[in-house]
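Report on the structure given below.
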Amino acid sequence: MLKEYRTIQEVAGPLMLVRKVSDVKYDELGEVALPNGEIRRCKVLEVNGTDVLVQLFESSAGINLAQSKVRFLGRGLEFGVSMDMLGRVFDGLGRPADNGPEILPDERRNINGLPMNPAARVYPEEFIQTGISSIDGLNTLVRGQKLPIFSGSGLPHAQLAAQIARQAKVLAADAQFAVVFAAIGITFEEADFFISDFKRTGAIDRTVLFINLANDPAIERIATPRMALTAAEYLAFEKDMHVLVILTDITNYAEALREVSAARKEVPGRRGYPGYLYTDLATMYERAGRHMGSRGSITLIPILSMPEDDKTHPIPDLTGYITEGQIILSRELYRKNIHPPIDVLPSLSRLKDKGIGPGKTREDHAGTMNQLFAAYARGKEAKELMTILGEAALSDIDKLYAKFADEFEKQYVNQGYGENRSIEQTLDLGWKLLAILPKSELKRIKPEFIEKYRVGE
């Protein structure tokens, strides 16, 4: 029998102080019973002797200090996991949000989980095909990697996230692949877009979807990505599936963390975010990877919209330290009507060299990738010179590089959100664009590959 307490001392916004309690632990769930029989849930944020500070999941309106009762459940937030999760939509606290039945769980897991032991990690080195040329060809995603997408407000990261979730696959014929998609602090319109897009394309069948809306409580927003990672860990390490986890938008998560921290009157760090933001993000990101003794893997794509497009803002800055690279969306390309507007030069996948080459993608991948990067960078410089000095100041070869940069953006980067390119199509398109340049300029590709794959003369 759970002990009930009538010792609510104070309610301040979403926080409530309960006195004279015993055997209560940090992060434990509780229930507040109102005089009218209504039950509201809460979570322990702080334990100080016999006093506990709890945060309410719902509104604090109508709580009568003298007559309301609190009981603590002896467990933290849990999510019931089973294979029935696939094809279902849940809210931020793991309750069905698709009018379907409750799932019958194989087990209930604490959502906080544990970061993977570094000694038990296996190095990521298998290619994941997203069907997007600027990722597959130039900033390759590798199974078990953490590769964030840095966006800005108003840029189409939602469409890109849906496209990756819809198209991503591992090329091994026998591999089971699943997507866990968590939308954090989004509008109803965005939630409707994700759900209808996944249902329309049939991607919902291999997807577990968590939707946390902007008007849901901040404490629920903090739980949502952990619910998603708990589902992913079960599929990857119990059922040997390769799981791609997409979290959008981490900025909304960090804002909720700041809100809870301010309510607790903690000393703020950079830009008002709590000083433990780095540690908190790491406890999520480090749950991704490949595990020794398990055939499954978790690959993580966190998406964050940078306030004022500022890469030095604490959220992208700290995310960059923990993850293995970043994909950056460009406002300039978006204005040119290039979709997805991925800016390939500042983007980086630190593990791309490990996931490409013979037996993974194709033997010419590394050389063409380096050549495309170099040619695009030189073409952008030539275009800048042309803007300042005029076209007459450019040499013939510089004009060719400027033309290459334009065609590269129009054909390679620009592909829309409905086109799914195989890695062979992406590599062949790269060779088609390199045909703009004379053979003597292809200094980063082995001569035998130039002979084998070069298009035209």
TODO: Test R41 against E220 for salt bridge (Lys or Arg N to Asp or Glu O under 4.0 Å), laying out the working first.
DONE: CA-CA 11 Å; R41 292 173 310 158; E220 184 176 316; 5.7 Å; no
- [ ] Applying side-chain contact (heavy atoms from CB on, under 4.5 Å), run through L247 and L300 and close with a yes or a no.
- [x] CA-CA 8 Å; L247 307 176; L300 180 65; 3.8 Å; yes
TODO: Can you see which heavy atom on V81 is nearest to which on A231, and at what distance?
DONE: CG1-CA, 4.3 Å
- [ ] Answer yes when R331 and D309 have at least one side-chain N-carboxylate O distance shorter than 4.0 Å, and no when they do not.
- [x] yes
TODO: First locate atom CG of N110, then atom OG1 of T230, and finally report the distance between them rounded to the nearest 0.5 Å.
DONE: 7.5 Å
TODO: Compare every heavy atom of I63 with every heavy atom of M16, then report the nearest pair and how far apart it is.
DONE: SD-CD1, 4.4 Å
Task: Side-chain donor or acceptor of S330 paired with backbone N/O of D343 under 3.5 Å - done: no
Task: Student check: side-chain heavy atoms of R121 and E286 closer than 4.5 Å - done: yes
TODO: Over 60° means perpendicular and under 30° means parallel, so classify the ring planes of F181 and F194, tilted if in between.
DONE: tilted
TODO: Sort out for me which residue in V70, T50, V44 forms a side-chain contact (heavy atoms from CB on, under 4.5 Å) with V24.
DONE: V44
TODO: Tell me, yes or no, whether the heavy-atom count around N215 atom CG, taken from other residues, nucleotides or ligands under 6.0 Å, exceeds 12.
DONE: yes
Task: Distance in Å, I301 CD1 paired with H157 NE2, rounded so as to fall on 0.5 Å steps - done: 14.0 Å
TODO: Could you check if a side-chain atom of L29 sits within less than 4.5 angstrom of a side-chain atom of L77, using non-hydrogen atoms only?
DONE: yes
Task: Distance-minimising heavy-atom pair for M116 and R287 - done: CE-O, 3.8 Å
- [ ] Would you check if the side chain of Y376 reaches a backbone N or O of D406 as a donor-acceptor pair within less than 3.5 Å?
- [x] no
TODO: Report the C-alpha distance between R290 and E126 in whole Å, list the side-chain angles of each, state the deciding distance to 0.1 Å, and finish with yes or no for side-chain contact (heavy atoms from CB on, under 4.5 Å).
DONE: CA-CA 11 Å; R290 294 177 63 216; E126 286 106 356; 3.4 Å; yes
Open item on the list: Just checking K380: does its NZ atom have more than 12 heavy atoms from other residues, nucleotides or ligands closer to it than 6.0 angstrom?
Closed with: yes
TODO: Start with the C-alpha gap between S305 and D249, add the side-chain angles, then the distance that decides, and say whether side-chain hydrogen bond (donor to acceptor under 3.5 Å, both in side chains) holds.
DONE: CA-CA 7 Å; S305 48; D249 182 339; 2.5 Å; yes
TODO: Flag this pair as yes if the NZ/CZ of R109 is under 6.0 angstrom from the six-membered ring centre of F79 and inside a 45 degree cone about the axis; otherwise no.
DONE: no
Open item on the list: Quick check for you: to the nearest 0.5 Å, what is the distance between L209 atom CG and F90 atom CZ?
Closed with: 9.5 Å
Open item on the list: As a quick check of understanding, evaluate side-chain contact (heavy atoms from CB on, under 4.5 Å) for V180 and T207, giving each step before the final call.
Closed with: CA-CA 6 Å; V180 176; T207 305; over 6 Å; no
TODO: Considering only NZ, NE, NH1 and NH2 on the basic side and carboxylate oxygens on the acidic side, decide whether E233 and R226 come within less than 4.0 Å.
DONE: no
TODO: Start with the C-alpha distance between D51 and K20, add both sets of side-chain angles, then the distance that settles salt bridge (Lys or Arg N to Asp or Glu O under 4.0 Å), and finish with yes or no.
DONE: CA-CA 6 Å; D51 296 352; K20 298 176 186 167; over 6 Å; no
Task: Ring-ring centroid check H242 F177, cutoff 6.0 Å - done: no
TODO: Answer yes or no: is there an ion pair linking E31 with R71, defined by an N-O contact shorter than 4.0 Å?
DONE: yes
Open item on the list: Please check: side-chain N/O of E190 versus main-chain N/O of T187, any donor-acceptor pairing under 3.5 Å?
Closed with: yes
Task: Minimum side-chain heavy-atom gap D27-N112 below 4.5 Å - done: yes
- [ ] Using the side-chain hydrogen bond (donor to acceptor under 3.5 Å, both in side chains) rule, take D91 and N212 through it: C-alpha gap first, then chi angles, then the decisive distance, then the call.
- [x] CA-CA 6 Å; D91 69 4; N212 165 259; over 6 Å; no
- [ ] Salt-bridge test for E381 and K383: reply yes if a basic N is under 4.0 Å from a carboxylate O, no otherwise.
- [x] no
Open item on the list: Please find the pair of heavy atoms, one from S297 and one from A236, that lie closest to each other, and give the distance.
Closed with: O-CB, 3.6 Å
- [ ] Over 60° means perpendicular and under 30° means parallel, so classify the ring planes of Y5 and F72, tilted if in between.
- [x] tilted
Open item on the list: Check this for me, if you would: do R40 and E58 make a salt bridge, where the nitrogen-to-carboxylate-oxygen distance has to be below 4.0 angstrom?
Closed with: no
- [ ] Using atom types as modelled and distance alone, determine if a side-chain donor or acceptor of S60 lies under 3.5 Å from a backbone N or O of G13.
- [x] yes
TODO: Could you tell me whether R200 and D192 have a side-chain N and a carboxylate O separated by less than 4.0 Å?
DONE: no
Task: Interatomic distance, Q129 atom CD to I164 atom CD1 [nearest 0.5 angstrom] - done: 12.5 Å
Task: Main-chain N/O of R19 paired with T7 side-chain donor or acceptor, under 3.5 Å - done: yes
TODO: Inspect the contact between E28 and K43 and indicate whether a charged nitrogen and a carboxylate oxygen are less than 4.0 angstrom apart.
DONE: no
Open item on the list: Does I132 form a side-chain contact (heavy atoms from CB on, under 4.5 Å) with R421? I'd like the steps, not just the answer.
Closed with: CA-CA 6 Å; I132 298 164; R421 294 179 185 163; over 6 Å; no
Open item on the list: Please tell me whether H313 and F150 form a close aromatic pair, meaning their ring centres lie under 6.0 Å apart.
Closed with: no
- [ ] Give a yes or no on whether the backbone of T140 and the side-chain of D136 come within a donor-acceptor separation of less than 3.5 Å.
- [x] no
- [ ] Test salt bridge (Lys or Arg N to Asp or Glu O under 4.0 Å) on D317 and K311 and set out the steps.
- [x] CA-CA 6 Å; D317 189 32; K311 285 200 280 277; over 6 Å; no
- [ ] May I ask you to check if R221 and Y253 form a cation-pi contact, with NZ or CZ under 6.0 angstrom from the six-membered ring centre and within 45° of the axis?
- [x] no
Open item on the list: I'd like to know if the side chain of Q415 reaches the main chain of S133, judged simply by a donor and an acceptor atom lying under 3.5 Å from each other, with no hydrogens or angles considered.
Closed with: yes
- [ ] Output yes when R258 and E266 qualify as a salt bridge under the 4.0 Å nitrogen-oxygen rule, no when they do not.
- [x] no
TODO: Measure from the side-chain N and O atoms of D84 to the backbone N and O of I103, and report whether any donor-acceptor pair falls under 3.5 Å.
DONE: no
Open item on the list: I'd like to know if R88 pairs up with D98 as an ion pair, taking the criterion as any Lys NZ or Arg NE/NH1/NH2 lying under 4.0 Å from an Asp or Glu carboxylate oxygen.
Closed with: yes
Open item on the list: Any side-chain to backbone donor/acceptor pair from Q145 onto K352? Under 3.5 Å, distance only.
Closed with: no
Task: Distance (rounded to the nearest 0.5 Å) between F127 CZ and I356 CD1 - done: 9.5 Å
Open item on the list: More than 12 heavy atoms of other residues, nucleotides or ligands under 6.0 Å from OH of Y276: yes or no?
Closed with: yes
Task: Any side-chain heavy-atom pair of I423 and Q425 under 4.5 Å - done: no
Open item on the list: For V52 versus V21, what's the shortest heavy-atom pair and its separation?
Closed with: CG1-CG2, 3.5 Å
Task: Basic-acidic side-chain contact under 4.0 Å: E78, R108 - done: yes
Open item on the list: How long is the straight-line distance from CD1 of I250 back to CG of L281, given to the nearest 0.5 Å?
Closed with: 7.0 Å
Open item on the list: I'd like to know if the side chain of S68 and the backbone of N64 have a donor-acceptor N/O pair within less than 3.5 Å.
Closed with: yes
- [ ] Count the heavy atoms belonging to other residues, nucleotides or ligands that lie under 6.0 Å from NZ of K199, then report whether that count exceeds 12.
- [x] no
Open item on the list: Looking at R271 and D310, is there a salt bridge between them, counting it only when a charged N and a carboxylate O are closer than 4.0 Å?
Closed with: yes
